[in-house]
Amino acid sequence: DVYKRQVVLALQRGGLTDAAAHLYQQTKDEELLAPTGVYGRTRVDQIHVTEQLTPAIVGYERLDHQNLTDHHPVRAELDLHKVDPIERAEFH
């Protein structure tokens, strides 16, 4: 729908990367793109990262909702050692 496309465009224009889609491009693992909405069967819950963090994406999974919500939570794993040290510098 139009709203969904607007959100995707805004995230892309902001230079953000969908962690699941990024890993899917590397692995072709369909489970990464599984729906997160229990009833709507849509992948509405996503994690987006900045360009600097994209190389650090090493894992992504959809978790069991345990009948507590109508969405499956998602989790991304980042290996910050894969990020340029300049990008990891603390700012004061």
Side-chain angles (χ1 to χ4, degrees):
D1 79 349
V2 174
Y3 176 73
K4 217 182 305 185
R5 285 190 297 262
Q6 289 174 338
V7 171
V8 169
L9 282 174
L11 292 168
Q12 288 174 344
R13 287 179 184 150
L16 298 176
T17 298
D18 178 340
H22 176 77
L23 285 178
Y24 173 78
Q25 289 176 345
Q26 296 174 354
T27 66
K28 302 301 183 219
D29 179 358
E30 296 281 337
E31 188 61 28
L32 292 165
L33 303 179
T36 60
V38 173
Y39 303 112
R41 306 301 301 159
T42 303
R43 192 173 75 91
V44 295
D45 304 284
Q46 303 171 16
I47 297 173
H48 288 79
V49 299
T50 62
E51 182 180 338
Q52 293 83 359
L53 284 177
T54 299
I57 303 168
V58 295
Y60 189 92
E61 65 180 319
R62 184 183 72 155
L63 305 172
D64 183 9
H65 63 91
Q66 300 177 359
N67 294 319
L68 297 174
T69 179
D70 62 350
H71 290 252
H72 291 276
V74 293
R75 179 184 80 82
E77 182 179 352
L78 304 175
D79 180 353
L80 297 181
H81 291 100
K82 294 185 175 192
V83 177
D84 184 348
I86 298 298
E87 303 297 340
R88 289 187 279 142
E90 287 188 35
F91 294 94
H92 301 279

Open item on the list: According to side chain to side chain donor-acceptor pair (under 3.5 Å), does anything in residues 19-28 pair up with another residue at least two apart or in another chain? List the pairs.
Closed with: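 Output for this query lists His22-Gln26, Tyr24-Glu30.
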
- [ ] Only pairs at least two apart or in different chains count here, so list each salt bridge (charged side-chain N to carboxylate O under 4.0 Å, His left out) that has a residue in residues 7-21.
- [x]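 Listed by first then second residue: Asp18-Arg43.
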
- [ ] Scan residues 53-70 for pairs that pass salt bridge (charged side-chain N to carboxylate O under 4.0 Å, His left out), counting only residues two or more places apart or in two chains.
- [x]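 Output for this query lists Glu31-Arg62, Glu61-Arg75.
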
TODO: Check whether more than 12 heavy atoms from other residues, nucleotides or ligands sit under 6.0 Å from atom CD of Glu77, and answer yes or no.
DONE: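 Result for CD/Glu77: enclosed.
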
- [ ] Report yes if the side chains of Thr42 and Thr36 come closer than 4.5 Å at any heavy-atom pair, otherwise no.
- [x]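 Side-chain contact under 4.5 Å: no.
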
Open item on the list: Could you go through Leu78 and Ile57, starting from their C-alpha distance and side-chain angles, then the distance that decides it, and tell me whether this counts as side chain to side chain contact (heavy atoms under 4.5 Å, CB included)?
Closed with: CA-CA 5 Å; Leu78 304 175; Ile57 303 168; 3.9 Å; yes

Open item on the list: Strictly by ring pair (Phe, Tyr, Trp, His ring centres under 6.0 Å), give each pair with a member in residues 55-77 just once, sequence neighbours left out.
Closed with: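 Those involving residues 55-77 are His65-His72.
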
Calculate, to the nearest 0.5 Å, the distance between atoms [atom1] and [atom2] belonging to [X] and [Y] respectively.
X     : Y     : atom1 : atom2 : answer
Ile47 : Leu16 : CD1   : CG    : 12.5 Å
Thr54 : Lys82 : OG1   : NZ    : 12.5 Å
Thr17 : Leu11 : OG1   : CG    : 10.0 Å

Task: Co-members of Val44 in a cluster of I, L, V, M, F, W and Y side chains, linked at under 4.5 Å - done: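 Under the 4.5 Å side-chain rule, Val44 groups with nothing.
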
- [ ] Could you work out the complete set of other residues in the hydrophobic cluster of Leu68, with links drawn between I, L, V, M, F, W and Y side chains under 4.5 Å apart?
- [x]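 Direct or chained contacts put Leu68 with none.
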
TODO: Let me see the working for Leu23 and Asp29 under side chain to side chain contact (heavy atoms under 4.5 Å, CB included), right down to the final yes or no.
DONE: CA-CA 8 Å; Leu23 285 178; Asp29 179 358; over 6 Å; no

